[in-house]
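Note: hydrogens, waters and symmetry copies are ignored here, and every other heavy atom, side chains too, is used. To find a chain, count down the sequence lines: A is the first, B the second, and so on, and within it residues start at 1.
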Amino acid sequence: MSRYNARVVEPKWQAAWEKAGTFTARRDPARPKYYVLEMFPYPSGRIHIGHVRNYTMGDVIARYKKANGFSVLHPMGWDAFGMPAENAAMDKGVHPGDWTYQNIADMRSQMKPLGFSIDWAREFATCDPEYYGQQQKLFLDMLDAGLVYRKNAVVNWDPVDMTVLANEQVIDGKGWRSNAEVERKELTQWFFKISDYSEELLEAIDTLKDWPEKVRLMQANWIGKSRGLEFGFRTLDAPEGFDTLDVYTTRPDTLLGASFAAISPDHPLAKALEVREDIATFNAECRKTGTSEEALEKAEKRGIDTGIRVVHPLDPNWELPVYIANFILMDYGTGAIFGCPAHDQRDLDFARKYGLPVIDVYQDMNAGKPVEAEAYVPPKTEPVRYVKLLAGDEIMTGNDAVDAAIDYCESKGIGTGVTKFRLRDWGISRQRYWGCPIPVVHCDACGVVPEKTENLPVTLPKDVTLDAPGNPLDRHPTWRDTECPSCGGPAKRETDTMDTFVDSSWYFARFTSPEAKTPTEADDVAYWMNVDQYIGGVEHAILHLLYSRFFARAMHKTGHLPREAIEPFNALFTQGMVTHETYATRSDTGRVIWHAPDEVTLSGDKAHLKDGSPVEIGPVIKMSKSKKNVIDPEDIIDQYGADTARWFVMSDSPPERDVEWTAAGAEAAWKHLQRVWRLADEIRQSADEASPDGGSEEALALKKATHRAIADVTQGIEGFAFNKSVAKLYELTNVLAKSKAPAAEKLETVNVLARLMQPLTPHLAEEIWHALGQATLISDADWPVADPALLVEDEITLPIQINGKRRAEISVAKDASRETIEALALADAAVQKVLDGADPKKIIVVPGRIINVVL
RNA sequence: GCGGGCGUGAUGGAAUGGUAGACAUACCAGACUUAAAAUCUGAGGGGCGUAUGCCCGUGUGGGUUCGAGUCCCACCGCCCGCACCA
């Protein structure tokens with residue numbers, strides 16, 4: 001008996017696939033196409049188990065579709081721009097480009113042994129000038145189409161390092177390197193007009209039938225369409241030019257419950273008032289909060305009375321104070337609100353803190369009572385009783401009241417009903433080196449001028465230093481100097497680079513013709529787009545997927561994608577994350593230092609480093625390089641081979657759920673694959689000896705089990721329930737091992753088993769296929785088809801419940817009538833005993849399922 | 001804070017509103033072996049009982065239903081996202 005040696009077998013078949021071009025994607029008009037894509041990785045340098053899980057899922061789909069006759073595109077690339085390369089450059093003195101390409105080489109060499117059915121000829125990295133040059137072309141086309149503009153926006157500013165910080169680099173309001181208090185600073189930034197598509201991006205969510213409902217919900221909430229009233233308060237004692245204060249509200253029905261107005265510290269009026277020292281101080285304090293919405297919302301709610309008052313639009317004698325408040329966002333609405341404490345918890349907290357009145361507008365229909373500690377905020381769909389009625393009926397839902405209030409205010413000329421979206425335009429400027437240069441030039445004479453297409457790509461200079469903070473492109477002695485594409489005079493290049501989300505917003509289209517001299521090639525996108533199945537982490541549910549949907553529309557508008565491709569991902573699967581405990585110690589200055597699992601020794605529920613110092617065991621969170629809680633899959637591959645790693649990550653955990661990595665189980669996977677090989681080998685040998693054993697009854701039983709397995713494994717793959725497919729493969733193996741069927745029948749089952757396992761463990765499947773004497777590759781073999789006639793059972797077992805508890809079971813013919821089943825159930829001894837001669841109140845018979853006798 | 005999700009044996013997890021715990025891991029017992037490993041066989045949610053069996057069990061508390069892990073409401077815990085992390 002030959003032993004299965006993955007170390008020898010796996011490279012052999014990988015070489016065979018490469019030689020035969022088995023996974024080369026070809027445009028084949030005779031076959032339907034299938035484009036399967038997993039979100040491409042950031043080249044951190046090491047693949048981790050999350051990658052293995054992600055790409056194995058895609059590979060199972062790709063191989064399964066190929067076996068079903070599709071022409072499959074399954075590419076791979078690298079999301080290669082971004083901060084970690086600059087951090088590595090600063091920490092280790094390497095060039096970001098060298099670091100990145102070395103990481104790519106390392107990761108490719110770790111990925112290839114996994115035997116994925118990837119067309120490696122299409123590989124590219126977003127930091128290749130050939131890629132980002134085409135991205136610059138897209139940028140210029142979008143600029144031309146009016147989808148790009150400049151405006152001021154705030155960034156996190158580190159006053160010590162004199163550099164812009166990402167939100168991730170702001171920790172508790174302080175810079176991660178300098179530990180200095182972060183400030184907000186305004187810069188002129190480039191923006192994509194995603195808001196032009198707010199309505200369309202929202203409505204088209206309905207067409208994304210094969211996306212998870214939760215992602216569609218999150219996107220809809222993110223876009224955040226709301227209907228409300230915009231109106232101007234007349235101001236008293238305000239600085240010149242601020243005669244009115246425009247506010248937006250989604251609850252105009254609560255206008256009679258207003259007790260104050262509040263503006264953002266970034267509101268123009270707030271800035272105009274900074275001549276007052278207390279207000280200047282207050283605003284400066286507010287600006288120390290980071291720019292993230294989370295930081296703003298979590299900050300303690302604070303305000304300052306400006307002394308300005310506004311006149312209530314419905315009563316000229318009613319004056320409200322105007323506060324500057326740190327929880328008002330300048331980015332949403334007009335940056336100013338009116339506060340209605342009775343029906344908004346935040347407003348109520350604010351009113352209690354500053355001694356402002358609380359005026360009830362509506363109350364519960366039944367148990368109406370004035371608001372005290374808790375604001376009364378029922379759903380807008382619930383009818384309530386209005387005690388301060390602006391318009392409409394006394395009893396109505398919030399939604400009806402809002403409509404009535406808007407109509408009323410419009411008729412009185414107080415304001416206008418407007419639709420607003422929460423979605424903001426996409427700021428893409430980054431003051432960083434390692435990104436795609438924004439291809440424009442600043443000319444003293446001509447202003448901002450787009451670079452000429454023939455001068456693309458605008459490449460990054462290699463000779464930069466990252467030992468000082470800030471953008472090296474800014475400091476570079478010559479790179480900035482250029483001539484104006486318009487007047488030919490001396491000019492300066494834009495030194496901002498693009499957000500790395502831009503890179504990942506169209507790479508899927510580029511894979512269809514990665515070497516084209518234009519961003520896309522019409523024939524190729526027409527054949528390959530859309531992505532039929534997109535697979536990636538749920539953490540990308542909003543930003544990446546929304547930006548890609550916008551980009552597809554922008555690319556259609558600029559002629560780079562057909563109309564049919566404006567929703568680029570037909571089906572989406574969001575896999576769960578691979579999580580792991582985190583391990584941390586603290587430096588002398590109190591800074592958190594993270595430790596990798598292999599640096600930590602666990603004993604019971606305690607952990608310590610090799611030097612014995614105690615380690616805090618942190619929460620189980622997604623594996624990330626920054627928290628160091630990553631597991632290296634290479635160990636498993638080295639020890640057991642790729643098939644074991646693939647089998648292991650696909651078994652047990654349902655793919656959409658998070659899985660906490662534990663080392664136990666890899667060996668079990670390996671044992672099982674050894675068992676399959678041994679079994680196949682034994683059966684092949686016994687078939688050679690042609691020993692006639694078993695009878696036709698066993699043959700039929702095995703045949704049925706085999707076809708049952710075909711149906712179940714297929715269903716598992718189709719439904720992204722790979723763990724269930726694996727369980728069914730275990731079952732079939734167990735049945736086969738115990739079967740007394742004739743060798744020929746067993747051999748047939750081995751043939752099917754190999755083909756069913758091929759997407760999961762392709763190398764083992766090839767080896768068995770070869771041993772069975774097949775001259776072809778199993779990777780080219782057809783998917784087995786279940787015979788429906790073999791899937792039905794003649795006799796089925798039905799459980800009998802008495803009052804909903806299972807008490808007995810009976811065996812009936814599969815097509816037995818309701819009456820027959822009922823009679824059989826009533827005749828059952830257990831039922832007879834409980835009935836004790838009486839008639840049951842009710843009998844529920846669900847044919848093929850269950851019988852419930854109700855007493 | 002806001003938006004979204006998840007919660008089932010010791011463990012990973014099965015279960016179109018219809019027999020809770022498929023399949024697997026770990027543990028235990030047995031076979032083989034001088035022995036161990038490997039392999040094979042078997043038992044097992046908890047409680048009571050010799051047993052037929054009975055009671056209790058899907059984070060907690062309510063509800064809908066002939067029937068709830070599944071649907072609804074409230075709560076608890078954990079996870080993801082929050083626009084400059086990728």
Side-chain angles (χ1 to χ4, degrees), chain A residues 39 41-42 44 79 81-84 153 155-156 164-170 189 194 212-215 217-222 224 290-299 301 327 331 345-346 422-432 499-501 503-504 537-544 546-547 574 576-577 579 619-622 624-626 651-654 656-660 662 664-665 667-669 671-672 674-675 678 721 723-724 726-731 734 737 797-801 803-809 841-844 846 848-855:
Chain A
M39 291 178 186
Y42 178 80
S44 60
D79 187 15
F81 275 135
M83 281 202 311
V155 294
N156 300 305
V164 177
L165 296 179
N167 283 338
E168 192 193 49
Q169 298 171 310
V170 179
Q189 310 254 291
I194 190 172
E213 184 57 33
K214 64 175 172 182
V215 174
L217 243 180
M218 281 191 267
Q219 292 227 342
N221 288 338
W222 185 262
T291 57
S292 79
E293 198 166 301
E294 184 189 6
L296 292 171
E297 293 277 353
K298 275 189 179 164
K301 307 296 176 279
F327 58 87
D331 288 320
Q345 190 60 42
R346 203 166 52 180
R422 208 185 75 98
L423 180 65
R424 309 197 297 253
D425 277 333
W426 175 10
I428 59 154
S429 292
R430 299 290 181 272
Q431 294 69 43
R432 298 216 178 90
D499 178 7
T500 56
F501 269 119
D503 312 337
S504 56
V538 67
E539 70 272 24
H540 294 292
I542 295 175
L543 291 178
H544 162 60
L546 192 61
Y547 289 152
T574 52
M577 280 167 296
T579 59
V620 177
I621 55 170
K622 86 168 161 172
S624 81
K625 211 172 148 59
S626 62
S651 51
D652 293 346
S653 266
E656 71 278 8
R657 206 184 290 189
D658 287 355
V659 56
E660 185 185 353
T662 55
E667 188 174 337
K671 279 183 189 173
H672 176 71
Q674 288 290 337
R675 180 174 176 234
R678 222 167 34 238
N723 55 322
K724 287 188 245 169
V726 167
K728 297 299 175 185
L729 288 167
Y730 270 114
E731 267 178 28
N734 290 340
T797 302
L798 283 186
I800 301 174
Q801 292 184 334
N803 284 340
K805 283 181 190 278
R806 184 188 154 280
R807 285 295 128 101
E809 57 185 39
K841 204 182 283 175
K842 200 171 172 184
I843 302 180
I844 287 139
V846 185
R849 277 289 170 196
I850 206 162
I851 302 147
N852 192 6
V853 180
V854 185
L855 300 181

Describe the nucleic acid contact of [X] in one word from base, sugar-phosphate, nothing, applying a heavy-atom distance below 4.0 Å.
| X | value |
| --- | --- |
| A:Pro41 | nothing |
| A:Lys214 | sugar-phosphate |
| A:Ala668 | sugar-phosphate |
| A:Ser504 | nothing |
| A:His544 | nothing |
| A:Gly224 | nothing |
| A:Gln169 | nothing |
| A:Phe501 | base |
| A:Val164 | base |

Using the [atom1] atom as the reference point in each nucleotide, state the distance between [N] and [M] in Å, no decimals.
| N | M | atom1 | value |
| --- | --- | --- | --- |
| B:U70 | B:U16 | P | 13 Å |
| B:G42 | B:C27 | C1' | 14 Å |
| B:G4 | B:C72 | P | 14 Å |
| B:C66 | B:A74 | C1' | 27 Å |
| B:C79 | B:G12 | P | 16 Å |
| B:G44 | B:U52 | P | 12 Å |
| B:G21 | B:A43 | C1' | 16 Å |
| B:C56 | B:G69 | P | 13 Å |

Quiz item: Would A:Arg675 and A:Asn734 count as a side chain to side chain donor-acceptor pair (under 3.5 Å) if you check the C-alpha gap in whole Å, the side-chain angles of each, and the deciding distance to 0.1 Å?
Solution: CA-CA 10 Å; A:Arg675 180 174 176 234; A:Asn734 290 340; 2.9 Å; yes
[N] base / [X] side chain donor-acceptor hit below 3.5 Å:
| X | N | value |
| --- | --- | --- |
| A:Arg849 | B:U16 | yes |
| A:Asn221 | B:G3 | no |
| A:Glu539 | B:C85 | no |
| A:Glu294 | B:C82 | yes |
| A:Asn167 | B:C84 | no |

Could you tell me the separation between the [atom1] atom of [X] and the [atom2] atom of [N], rounded to a whole number of Å?
| X | N | atom1 | atom2 | value |
| --- | --- | --- | --- | --- |
| A:Trp222 | B:G81 | CH2 | P | 11 Å |
| A:Leu423 | B:A83 | CG | C1' | 9 Å |
| A:Leu165 | B:C84 | CG | C1' | 9 Å |
| A:Trp426 | B:C84 | CH2 | C1' | 12 Å |

Checking contacts here: which listed nucleotide ([options]) is nearest the side-chain heavy atoms of [X]?
| X | options | answer |
| --- | --- | --- |
| A:Ala727 | B:C84, B:G4, B:C23 | B:C23 |
| A:Asn723 | B:C85, B:G1, B:G13 | B:G13 |
| A:Lys724 | B:A22, B:A15, B:C84 | B:A15 |
| A:Gln189 | B:G4, B:C84, B:A83 | B:C84 |
| A:Leu543 | B:C23, B:A86, B:G67 | B:A86 |
| A:Glu168 | B:C85, B:A83, B:G18 | B:C85 |
| A:Lys671 | B:U39, B:G4, B:U19 | B:U39 |
| A:Asn852 | B:C23, B:G12, B:G67 | B:G67 |
| A:Asn734 | B:C85, B:C23, B:U19 | B:C23 |
| A:Ile844 | B:G18, B:U39, B:C82 | B:G18 |

Quiz prompt | Whichever of A:Val854 and A:Glu809 has its nearest RNA chain B nucleotide further upstream toward 5' | solution = A:Glu809
Exercise. Would you kindly compare A:Glu213 and A:Tyr730 by the position of their nearest RNA chain B nucleotide and give the one closer to the 5′ end?
Key: A:Glu213
Practice problem: Report the C-alpha distance between A:Arg346 and A:Glu297 in whole Å, list the side-chain angles of each, state the deciding distance to 0.1 Å, and finish with yes or no for salt bridge (charged side-chain N to carboxylate O under 4.0 Å, His left out). | Solution: CA-CA 10 Å; A:Arg346 203 166 52 180; A:Glu297 293 277 353; 3.1 Å; yes
Does a nitrogen or oxygen in the side chain of [X] sit under 4.0 Å from OP1 or OP2 of [N]?
| X | N | result |
| --- | --- | --- |
| A:Thr500 | B:A86 | yes |
| A:Lys805 | B:C56 | yes |
| A:Arg422 | B:C2 | no |
| A:Ser653 | B:G13 | yes |
| A:Asn803 | B:C66 | no |
| A:Arg657 | B:G7 | yes |

Quiz item: Hey, what's the ring geometry for A:His672 with A:Tyr730, parallel, tilted or perpendicular (30° and 60° as the breaks)?
Solution: tilted
Taking C-beta and beyond as the side chain, do [X] and [Y] meet within less than 4.5 Å on heavy atoms?
| X | Y | result |
| --- | --- | --- |
| A:Tyr42 | A:Thr500 | no |
| A:Leu423 | A:Leu546 | yes |
| A:Gln674 | A:Lys671 | no |
| A:Asn156 | A:Asn167 | yes |
| A:Gln189 | A:Gln431 | yes |

Self-check item: Check: A:Gln169 side chain, A:Ala166 main-chain N or O, donor-acceptor pair, under 3.5 Å
Solution: yes
Self-check item: Pair A:Met83-A:Arg432, side chain to side chain contact (heavy atoms under 4.5 Å, CB included): steps then yes or no
Solution: CA-CA 8 Å; A:Met83 281 202 311; A:Arg432 298 216 178 90; 3.7 Å; yes
Quiz item: Can you tell me how far CG of A:Asp331 sits from CZ of A:Arg422, rounded to the nearest 0.5 angstrom?
Solution: 10.5 Å
Exercise. Syn or anti for B:G9, please, going by whether the chi angle lies within 90° of 0.
Key: syn
Practice problem: Please map the stems of RNA chain B, keeping only stretches of three or more Watson-Crick or G-U wobble pairs with both distances under 3.5 angstrom. | Solution: B:1-7 with B:76-82, B:10-12 with B:23-25, B:28-31 with B:39-42, B:45-48 with B:53-56, B:59-63 with B:71-75
Quiz item: Between A:Glu293 and A:Lys298, is there a side-chain N and carboxylate O pair less than 4.0 Å apart?
Solution: no
